[in-house]
Amino acid sequence: MIGFSKRLATTQLKKPTPCFDGLRMSGSPSDFKASFPLTLSSSKGASAFFLRLIAFTAVGCLVLAGCGSDNEGPTSVPLQVGVAAVAISPCGVNPDYNGPITANGVWGETYTDRNGNGRWDPGELYTNDAGNNALDVSSKTKYDGVFMAGFDNNRIAKGCADDIWARAIVLQTPRHKIALVSVDLVGTLSHGKYYGFSHAQALVDPALGIDTFLYASTHDHEAPDSLGLWGVSQLSDGKFPLYLTFIDKEVAKAINTAASPSAMHPAKITAAKVTPATDPTLLGLQVRTGCRPPWFFDDELRALQFVGDDGNTIATLINWNTHPESLEDNNEMISSDFPGSVRARVEQQLGGTAVYFSGDLGAVEIVGDTCVGNADPRADGTNEFDHRDNLGFDRTHHIGEVVGDATVRALRAGTKLDIAAIDTKSEQYYIAGSNDSFRFAQQVSLLDIDESVFSPDHCANNPVICVAVEQHLLNFLDASGRAQIQLATAPGELFPELNYGVEQHRRMNCDGANTGEPYEPSIRNAMTAPYRLVLGLSPDELGYIVPAYDFQPSTAVKELGDACTGQSYDPNFPNRHTPTHYHESLSVGLDIAAAVNCNVLKMLGLDSQVAANAACKRALHLE
């Protein structure tokens, strides 16, 4: 993670400069202001009115600032790799947690369980904890416990079914030391008032020499509320301050442990990619939210295995692309959902520590969610997951085992790569928006954001809101300087057609729904490496990133339809109907898609393509 200056005075696109020495920070993490959440969760079941209330449509300026790369030439010094996994489960005794614990072992303020249902309910007496109050003054007037994120309000955890984690892989070359961190959360912020990745980074030992930090959330819908959207009611903050500061400590512990000299070992990389076309066990696991067209997914599972000189696996990075919400909204137990089972399966067969990163999962759900009965058939012509008769842990573990086994098979047939260098690049920019609801959400203490980061002074014309975005690119180079792996980040839930190419993969069923906005350039097609990864929700969850041609802006209380809403669009699956445009109600706005894609192209050095693309011209104000 890198930082923004307090204020960018120009609206002109700045040329990349070595101001951050690649991604190396020249000051303490607290000196920098990076991306932050305008983030709204993707969850379908959360209170529709409230989620729309805090969604906003970005308008006005984009203030852009680029920082150049610290390119690293090929070297004979081997890649060094370290890994660590630290549990962040809010249950039981943990020496790093100093807050209250309820009678059932779940962290939270103690209460009198009058109705004996094993959780706090409105009206029941509780002991207000001074530690929470010190972090967030609004805690004085609300119950602080583990409200679960991702679906409806007032879903309080009654236990922990399995651990949720902060996991870090650290890569070291002669010029760089890079931390890639994944947390099992629905999404989180870089710059909350009292918590967030910038706070965690301030706890990292500077003597370890880490110069590049990439953070991401898996988008776990069975984890504690880390954004504030799922409290007891639509207008009640669901964050538990002491727990969020605990997460910061554990994220820093994971990084410090993985980056310690004793943890770093020489390693080679085996890279693999697999799709349902090459491994039919992956068929039918992804669906579109509400069957929203186009029926298109990023169905490629990507994996990197880091193998030590002794032939043993140190770490495995897994990158797949669908919502971790298999347990759905009736579950009351904290869980890492299917990514936990994927990791466990890979570790069981390959050894080492597995780290899961979600990719371009915008509008893509795990089978059995909101497009029930309309998933693609699996290899035997049926789909045992495409129903809601059993949404429990057995189903979720089975899905994880299927994906984990596919990962292992792919890696055992994967390509061994000799990586001589890693080139790091970054882009930072501000987006101005005009949604008064966002300001309202902050005023009622639902979102505890760093107000200096969100200051409208960062954008021209004093907008209602102004949010900063950061993106990163890693190029893994061989001895000849050719990229073998490219990894780009997206600050939210990227629609897969934005990755693969909107013009080629747009919806074809309804010309009347096309807004006429130009198509954004493809991220994947702009890359050249054999292995091309996208990390979503990195570092912040800025909501859905929707192609502009299909962007129908919703109002605060109503999801808009289009010319074909309610119509069937696939004769082979007549029950796949076009839904209303839910995702836009949780999106930064029309230009975020072009901004994200065009900035990846900039980091790839494709300035001429950016300058020639109409969507880039609009979003980046190039004309």
Side-chain angles (χ1 to χ4, degrees), residues 40-46 48-49 51-52 55 57 151 283-299 321-323 325 328 360-377 383 385-388 492-520 543-590 592-594 615:
L40 314 176
S41 166
S42 62
S43 314
K44 279 86 44 204
F49 172 78
L51 289 176
R52 295 189 192 102
T57 301
F151 293 102
L283 281 167
L285 296 183
Q286 296 164 296
V287 297
R288 295 281 289 209
T289 307
C291 302
R292 176 174 178 160
W295 193 259
F296 178 75
F297 319 100
D298 180 356
D299 62 5
N321 319 291
T322 193
H323 275 56
E325 54 189 6
E328 293 291 334
D360 43 335
L361 49 61
V364 182
E365 299 175 338
I366 195 67
V367 60
D369 197 359
T370 64
C371 191
V372 181
N374 294 288
D376 292 326
N383 193 325
F385 300 118
D386 192 20
H387 59 82
R388 297 177 66 88
E493 300 171 60
L494 187 79
F495 273 42
E497 50 267 41
L498 284 163
N499 185 16
Y500 279 74
V502 175
E503 186 169 7
Q504 299 93 330
H505 300 287
R506 68 188 187 279
R507 58 187 289 199
M508 302 290 190
N509 69 304
C510 188
D511 290 341
N514 193 317
T515 66
E517 293 290 344
Y519 303 125
E520 297 84 356
Y544 286 105
I545 303 174
V546 184
Y549 87 96
D550 198 35
F551 191 100
Q552 301 288 342
S554 296
T555 66
V557 296
K558 182 180 180 181
E559 294 174 10
L560 297 184
D562 61 41
C564 294
T565 294
Q567 297 180 14
S568 175
Y569 62 86
D570 187 338
N572 295 316
F573 293 87
N575 290 324
R576 290 179 184 170
H577 295 95
T578 301
T580 55
H581 286 247
Y582 152 77
H583 303 92
E584 287 86 333
S585 69
L586 301 176
S587 175
V588 168
L590 181 70
I592 185 65

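To the nearest 0.5 Å, the span separating CD on Glu328 from CZ on Phe151 amounts to 4.5 Å. Distance CZ/Phe495 to CZ/Phe551: 9.5 Å, rounded to 0.5 Å. Remark: Tyr519 OH to Gln504 CD distance equals 10.0 Å, nearest 0.5 Å. Going from atom OG1 of Thr515 over to atom CG of Asp562 covers 10.5 Å, rounded to the nearest 0.5 Å. To the nearest 0.5 Å, atoms CG (Asp369) and CZ (Arg388) are separated by 6.0 Å. Atom-to-atom distance recorded for Phe297:CZ and Asp360:CG is 12.0 Å, nearest 0.5 angstrom.
When all heavy atoms are compared, the tightest approach of Asp386 to Asn374 is OD2-N, 3.1 Å. Of all heavy-atom pairs spanning Pro574 and Ser568, the tightest one is O-OG, 2.9 Å. In plain terms, the two heavy atoms of Gly362 and Pro496 that are nearest each other are O-CD, 3.2 Å. Of all the heavy atoms in His505 and Pro294, the pair that sits closest is O-CG, 3.3 Å.
Residues Asp376 and Trp295 have side chains in contact (heavy-atom distance under 4.5 Å, counting atoms from C-beta outward). By the 4.5 Å heavy-atom criterion applied to side chains, Pro377 and Asn383 are not counted as neighbours. Residues Asp550 and Glu517 are not in side-chain contact: their nearest non-hydrogen atoms beyond the backbone lie 4.5 Å or more apart. Glu584 has its side chain out of reach of Leu560: every pair of non-hydrogen atoms, C-beta onward, lies at least 4.5 Å apart. At a threshold of 4.5 Å between non-hydrogen side-chain atoms, the residues His577 and Asn575 count as touching.
A donor-acceptor pair is defined here as one N or O able to donate and one able to accept, closer than 3.5 Å; such a pair exists between the side chain of Ser587 and the backbone of Gly589. A distance-only check finds a donor-acceptor pair linking the side chain of Thr322 to the backbone of Ile366 [under 3.5 Å].
For the 3.5 Å distance criterion, the side chains of Arg506 and Tyr549 fail to qualify, holding no donor opposite an acceptor. Residues Thr370 and Glu365 have side chains that bring a donor and an acceptor to within less than 3.5 angstrom of each other.
Aromatic rings of Phe296 and Tyr500 (six-membered ring for Trp) have centroids within the 6.0 Å cut-off, being under it.
Looking at Arg292, Glu559, Glu493 one by one, the single match for side chain to side chain contact (heavy atoms under 4.5 Å, CB included) with His583 turns out to be Arg292. Each of Ile545, Asn321, Asp298 was evaluated against Asn499; a single residue qualifies, Asp298, per the side chain to side chain contact (heavy atoms under 4.5 Å, CB included) test.
When the side-chain contact (heavy atoms from CB on, under 4.5 Å) test is applied to Pro293, the partners found at least two apart in sequence or on another chain are Arg507, Asn509, Tyr569, Thr578, Pro579.
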Stepwise, does the side chain to side chain contact (heavy atoms under 4.5 Å, CB included) test hold for Gln286 with Val364? CA-CA 6 Å; Gln286 296 164 296; Val364 182; 4.0 Å; yes
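Residues in residues 564-575 take part in these salt bridge (charged side-chain N to carboxylate O under 4.0 Å, His left out) pairs, two or more places apart or across chains: Asp570-Arg576.
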